[in-house]
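Read through the structure below, which is laid out as structure tokens, and then see the notes.
Since we're looking at a predicted model, the values are computed, not measured. Just so we're on the same page: letters track the sequence lines, and every chain starts at 1.
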Number of protein chains: 4
Amino acid sequence: MSEARSGGDKPRRRQARGERRIAQLLDAAANVFCSVGYRAASTNAIAREAGVSPGTLYQFFPNKEAIGDALSQRLVIEMRNVHGTALSLDHSALGLRELLDRVIDPLVDFNLENPVCFALFHGPDMPQRFDEEHDLLEKAILDQVKTIFAGRAPQLERSALDRTADICWHTFKGVLQAMFEKEDEAERHALVPELKKLLYGYLEPIMGEDAPALRPQAVRGTAGRA
Amino acid sequence: MSEARSGGDKPRRRQARGERRIAQLLDAAANVFCSVGYRAASTNAIAREAGVSPGTLYQFFPNKEAIGDALSQRLVIEMRNVHGTALSLDHSALGLRELLDRVIDPLVDFNLENPVCFALFHGPDMPQRFDEEHDLLEKAILDQVKTIFAGRAPQLERSALDRTADICWHTFKGVLQAMFEKEDEAERHALVPELKKLLYGYLEPIMGEDAPALRPQAVRGTAGRA
Amino acid sequence: MSEARSGGDKPRRRQARGERRIAQLLDAAANVFCSVGYRAASTNAIAREAGVSPGTLYQFFPNKEAIGDALSQRLVIEMRNVHGTALSLDHSALGLRELLDRVIDPLVDFNLENPVCFALFHGPDMPQRFDEEHDLLEKAILDQVKTIFAGRAPQLERSALDRTADICWHTFKGVLQAMFEKEDEAERHALVPELKKLLYGYLEPIMGEDAPALRPQAVRGTAGRA
Amino acid sequence: MSEARSGGDKPRRRQARGERRIAQLLDAAANVFCSVGYRAASTNAIAREAGVSPGTLYQFFPNKEAIGDALSQRLVIEMRNVHGTALSLDHSALGLRELLDRVIDPLVDFNLENPVCFALFHGPDMPQRFDEEHDLLEKAILDQVKTIFAGRAPQLERSALDRTADICWHTFKGVLQAMFEKEDEAERHALVPELKKLLYGYLEPIMGEDAPALRPQAVRGTAGRA
DNA sequence: GATGAATGAGGATTCATTCAT
DNA sequence: TATGAATGAATCCTCATTCAT
């Protein structure tokens, strides 16, 4: 009778309603987190924003942190999709410039559409960098980046590789932050080509423009230039 | 040697203790803000960290926000010094690489020594981006950066100049963030040369390596390379 | 029988408990205000007196002042009823003595049953003489008194009328205060006839004993006696 | 060396300074009590009003209540003077009207000049009706009033006498309150004759107009008139 | 004596969480 | 399930009072 899956679609429908409620609540939480930050976001405010009572919120989340966790996880899943598409495909045939296009554009788009990422994943506001999921994700992202970089700059040793990826990732986030600070949509997007120039100027000396698939066997150590 | 000595120092005598207390409290606040953020920092925690009672804190600051304000202001003053030295001197005879050295090093040093800057001036946690002073400071910094850039890339039009400075500033902050995430001192500082390479790679195509003072009369358009 | 019954009573169901709580809290507040005054009344004490937790109090009142306001308003409403009945009916056929009976008795009764009126509406203790509502009420009361007086002493000019009403009102309050200072119920009520004598002695020379409806057209200016 | 009275006038002068300080502080306290009441008056505010530091205040008063006590006592002394002059002299030769003049005028004057009396001696704000001194004083005043009344209305029995005096005293205070509510000096004083009429109208039926010294031996029963 | 900083208990208020309906 | 009232610990802040200078 409870938690049943015996008969037809009744539990299904319940489940469905629950899912909707959860989505609703997470959306509300995202909004509230965005405007006031995690700590200052009261669960009551989230419930109000979602148009439900506090009690209802606690029907779905055991506590405030769980809301952040769930939101974080949802974002991580979406990010995984976006980054999977952007990073995990085969880039070995692309030129560096094209590679940057393929990777940066979707990431920028996703982040601009989900500003809560910044609210959640930055600053000392939240409890332990929400969910190790996110750290895992960042690690995964960096690993993918490193794999790509390793394919294009085989001569790089581990530590240099790490550092390079790290720099790119934080530069990306820094410029993203710049975008959030612009009110004007046009100005925002005008930063994208600059970001690409920035990373291109940094990476080209390290790994060259050419796709690894097109290169002769001999790797030219352009990294030595730095 | 410093502070009051001319005229009557009677009204100062007592103040001395007070001034020390204020500094003490601001230091404590900086620590607490750093570790848990502004919102989560309880005034009692700050007082405890400073080794005084809550009442004492309120003898000097009317409320919690005022603490953030005062800390912010203190940082702004220190930043003004550092940036004044770093940015306002005559760079016209320096090569771009040298310029970056002269500017980036002190800024990095200052920020690593005052990590509270990041805690205070980022995220939606604090009330109104603490004190418009800071915004003014950022604007001033950017203006100085723009002045330098304009001297080296006279062909740049206003909007491009703005964008270029903006990108540099946020890249700087992004890499700074990366530094904060490293536990290891050596790894931290290993990011500095990368930051310089990054910015050099971005700026060189725009303004060239040469100092403006050393250039032949005709300066032109190396930006075209990008 | 009273309250919601038309239309949807769904939003009312819950409210019922709330309304009861509010009344309960106001009663508690009245008690506490009475015994220690507004300022010294702690919200926790009020909550305790009402048998609820501090949080519950704040579910219904945003702050301490709001409690005073609400209580004030409730009293004003009740006073309006009592005074409406006492003052707004037609007194033109009553002798002065009977008039005083009809007016004074219910007012005294009400005030003895609601001693908080004195606690709230006197002294510099409370924020801005709680709610302009009360001032409006006092003004309304005085206006009604003046109307009655004007009907009985048409020769009185405005300023004298104002003064007469004022004196009566404050005398009433003064004697009320005397009643509050008596422990003994009998002694308390023994003051009522004295109050009436007092006011009769003051008013009779001004407006005579006779009801205006019963007087011949000529009005005798007994006020001149004073 | 301390507290000495050995030598000449040094301790005198000290004493004198102390007295001045105390007066200064009591004046300040009177002001603050008047504007915000006893409870809301912070000792720091009183010290500030007096132009001294909190520490200094506590050099002269062990605690806040002591300030109220001292102020109360000072007022009581002054009141004793005023009332002594007004009430304790021989009134047996005066007519009632003249008696009221002699008594009411100085009392009104004193109270208007010392509004703190109202702040201190009314309402539930202060700790136990400040100092039994004041209660004693009130009792003394009432006793004097009763003595006078007894001389003029020998037929009155004890309880009626008490009540009569009580009524007069509270009526006086009620009208005083009315005076404090007027901004305009002229309006204020216009209430004095009304107060006299009021009391005259009340007392005349009880004790007649004539002074007891002038009456024939058989005095009786004018009270019956009321 | 005077000063102003220091203290800490107490009071107002918030908010995550629970519970009765 | 949904609701909204209930809870109480934690937080910000005040203020009577004390203390070092």
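- Scanning for side chain to side chain contact (heavy atoms under 4.5 Å, CB included) contacts around C:Asn31 gives C:Glu49, with sequence neighbours left out.
- As rounded to whole Å, 12 Å separates atom P of E:dA5 from atom CG of B:Leu25.
- Considering only side-chain N and O atoms, D:Ser53 lies nowhere under 4.0 angstrom from the phosphate OP1 or OP2 of E:dG4.
- Scored by the side chain to side chain contact (heavy atoms under 4.5 Å, CB included) test, D:Pro115 finds D:Cys34, D:Phe180 as partners (sequence neighbours excluded).
- Atom CD of A:Gln59 and atom C1' of E:dA20 are 13 Å apart (whole Å).
- Taking D:Asp27 as the reference, D:Arg74 meet the side chain to side chain contact (heavy atoms under 4.5 Å, CB included) condition, with sequence neighbours excluded.
- In this structure, C:Arg20 does not reach the F:dA5 phosphate: none of its side-chain N or O atoms is under 4.0 Å from OP1 or OP2.
- In DNA chain F, runs of at least 3 consecutive Watson-Crick or G-U pairs, each pair with both distances below 3.5 Å, span E:2-21 with F:2-21.
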Report task. Take D:Leu25 and D:Ile67 through the test side-chain contact (heavy atoms from CB on, under 4.5 Å) and record every step on the way to the result. Result -> CA-CA 8 Å; D:Leu25 284 162; D:Ile67 301 171; over 6 Å; no
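- Under the rule for a side chain to side chain donor-acceptor pair (under 3.5 Å), the partners of B:Arg21 that lie at least two apart in sequence or sit in another chain are B:Gln24.
- Backbone-only contact: D:Phe60 has heavy atoms under 4.0 Å from sugar-phosphate atoms and none from a base.
- Between the CZ atom of B:Phe61 and the P atom of F:dT14 there is a distance of 14 Å, rounded to whole Å.
- The aromatic rings of C:His134 and C:Phe121 sit parallel to each other, their planes meeting at less than 30°, with 60° as the upper class boundary.
- The distance from atom CZ of B:Arg48 to atom P of E:dT7 is 14 Å, rounded to the nearest whole Å.
- Heavy-atom minimum distance, A:Asn44 versus A:Pro54: OD1-CB, 3.6 Å.
- Taking each heavy atom of A:Arg39 and B:Ala40 in turn, the nearest pair found is NH1-CB, 3.2 Å.
- Regarding B:Glu19, its CD atom lies at a distance of 17 Å from the C1' atom of E:dA6, rounded to whole Å.
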Which pairs would a plain distance check flag for residues 55-63 of chain C, meaning a side-chain donor or acceptor within less than 3.5 Å of a matching protein atom at least two apart in sequence or in another chain?
from, atom 1, to, atom 2, distance (Å)
C:Thr56, OG1, C:Ser53, OG, 3.3
C:Asn63, OD1, C:Glu65, N, 3.2
C:Asn63, OD1, C:Ala66, N, 2.9

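- Rounded to an integer number of Å, the gap from A:Leu57 CG to F:dA2 P is 11 Å.
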Report task. Using a 4.0 Å heavy-atom cut-off, write out nucleotides 12-17 of chain E from 5' to 3' as B (base contacted by protein), S (sugar-phosphate only) or - (no contact). Result -> SBBBBB
